[in-house]
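Here is the structure we will look at, set down as structure tokens.
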Amino acid sequence: TRRHGGSALRAFYATKKNVKDSINDIRFFAKFCGYDTEEQVEELLVGPKASRELTQGLVTRYRDHLRSKNMAYGTINRRLTAVRTLVRMAKLIGAISWEIDVPAGEKTSMRDTRGVSKRALKAAGRMDAKTVQARRDQAIVALAHHANLTRAEVVSLLLEHYDPKPTSPSVRAAGRRTRLTAQVKKILDAWIEVRGFRGKALFTKSDRISPMTQDEIIALVRPGSVLS
């Protein structure tokens, strides 16, 4: 038999030393869902119409939303923990028989921002953008620097991760969507124009099919490279 009426919320708050922060974390999730109160969140997550599949999917989308905002790992983890704990409390009091598993994701407290030197940026701007390699290299430098992507994120990009929407161009990397400036979009579009649409990787070798590796990205943009 399910028990509602705020029981899971009361059990959740009873486990927290700082109730105010816990309320704020649940309300933040409520805002994401388009709700105003914690009670509405409880009904959504563990109410009569809830299921593990629906709640897991919703919280996963919430996690991706938090990551898209480039929030600190600790903040994302705390807000997800609040939601997971509420679900776990609902199980403990017998309201539901399942739990969810939505981790915050890989901790990236120290981003690898060593990939692009100032000399590489200047050199990329001087390259003849008419050549295929120049367009590719300029696009890599633009993403690594202006969009603040790590070399691992640049290498992992697929064509489908790039959204060239004129009003809000973006790329999706490491579970988050990063908005691009008009200038970066122009550089990316110039590369894709000559790259074509064969293969999946956004950045390819000279055959325009095989994906580049992290080592090749490092060799391209580090001091002493062809772009230095």
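Hydrogens, waters and symmetry mates play no part in the numbers below; they use all other heavy atoms, side chains included.
Note: the hydrophobic cluster containing Tyr62 also contains Trp98 (ILVMFWY, side chain heavy atoms under 4.5 Å, direct or indirect links). Leu54 and Ile100 fall into different hydrophobic clusters, where Ile, Leu, Val, Met, Phe, Trp and Tyr are joined by side-chain heavy atoms under 4.5 Å apart, directly or via other members. At a threshold of 4.5 Å between side-chain heavy atoms, the hydrophobic network of Ile, Leu, Val, Met, Phe, Trp and Tyr places Leu158 and Val171 in two separate groups.
Within the 4.5 Å cutoff, side-chain heavy atoms of Val41 are placed close to those of Leu86. At least one side-chain heavy atom of Leu66 sits less than 4.5 Å from a side-chain heavy atom of Arg79. Counting only heavy atoms from C-beta outward, the side chains of Cys33 and Leu44 approach each other to under 4.5 Å. Using a 4.5 Å heavy-atom cutoff, the side chains of Val83 and Asp25 are not in contact. Contact check for Leu9 versus Glu39: side-chain heavy atoms found under the 4.5 Å cut-off. Proximity of Pro164 to Asp189: side-chain heavy atoms (C-beta onward) are separated by under 4.5 Å at one or more points. Annotation: side chain of Val132 is not in contact with side chain of Arg136 (no heavy-atom distance under 4.5 Å). Put simply, the side chain of Ile209 does not reach to within 4.5 Å of the side chain of Thr204, judged on heavy atoms.
At distances below 3.5 Å, not a single donor-acceptor pair connects side-chain atoms of Glu99 with backbone N or O atoms of Val87. Within the 3.5 Å criterion, the main-chain N or O of Val194 finds a donor-acceptor partner in the side chain of Arg208. Side chain of Glu42 to backbone of Ala8: a donor-acceptor contact under 3.5 angstrom is found. Under the 3.5 Å distance criterion, the side-chain polar atoms of Arg63 are left unmatched by any main-chain donor or acceptor of Val102.
For Leu45 against Thr55, the heavy-atom pair with the smallest separation is O-OG1, 2.8 Å. Nearest heavy atom pair, residue Glu43 against residue Pro48, reads OE2-CD, 3.1 Å. In this structure, Lys205 and Met212 approach most closely via the heavy-atom pair N-CG, 4.0 Å. Annotation for Thr37 and Ala30: closest pair O-CB, 4.0 Å, computed over non-hydrogen atoms. Nearest heavy atom pair, residue Leu80 against residue Ala104, reads CD1-CA, 3.5 Å.
Between the side chains of Ser210 and Asp207, at least one donor-acceptor pair of N or O atoms lies under 3.5 Å. For the residue pair Arg179 and Ser170, no side-chain donor N or O sits within less than 3.5 Å of a side-chain acceptor on the partner. Residues Arg84 and Thr81 have side chains that bring a donor and an acceptor to within less than 3.5 angstrom of each other.
Of the inter-residue distances, the one linking Leu159 atom CG with Leu202 atom CG reads 5.5 Å to the nearest 0.5 angstrom. One finds the NE2 atom of His65 at 14.0 Å from the CZ atom of Arg177 (value rounded to the nearest 0.5 Å). Rounded to the nearest 0.5 angstrom, Ser51 OG and Gln56 CD are separated by 10.5 Å. Atom-to-atom distance recorded for Thr131:OG1 and Arg135:CZ is 8.5 Å, nearest 0.5 angstrom. To the nearest 0.5 angstrom, Arg88 atom CZ is 10.0 Å from Lys91 atom NZ. Taking CG from Leu143 and CD1 from Ile187, the interatomic distance works out to 9.0 Å, rounded to the nearest 0.5 Å.
The aromatic rings of Phe203 and Trp191 lie parallel to each other, with less than 30° between the two planes, well short of the 60° mark.
Using a 4.0 Å cut-off between charged nitrogen and carboxylate oxygen, Arg172 and Glu160 do not count as a salt-bridge pair.
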Inset, instruction - Could you check Val154 against Ile140 for side-chain contact (heavy atoms from CB on, under 4.5 Å), going step by step and ending with a plain yes or no? - result: CA-CA 7 Å; Val154 171; Ile140 290 172; 4.3 Å; yes
Inset, instruction - Apply the test side-chain contact (heavy atoms from CB on, under 4.5 Å) to residues Leu188 and Tyr162: give CA-CA distance (whole Å), side-chain angles for both, the deciding distance (0.1 Å), then the verdict. - result: CA-CA 9 Å; Leu188 261 179; Tyr162 172 49; 3.6 Å; yes
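Each of Phe12, Phe29, Tyr13 was compared with Glu38 under the side-chain contact (heavy atoms from CB on, under 4.5 Å) criterion, and only Tyr13 meets it.
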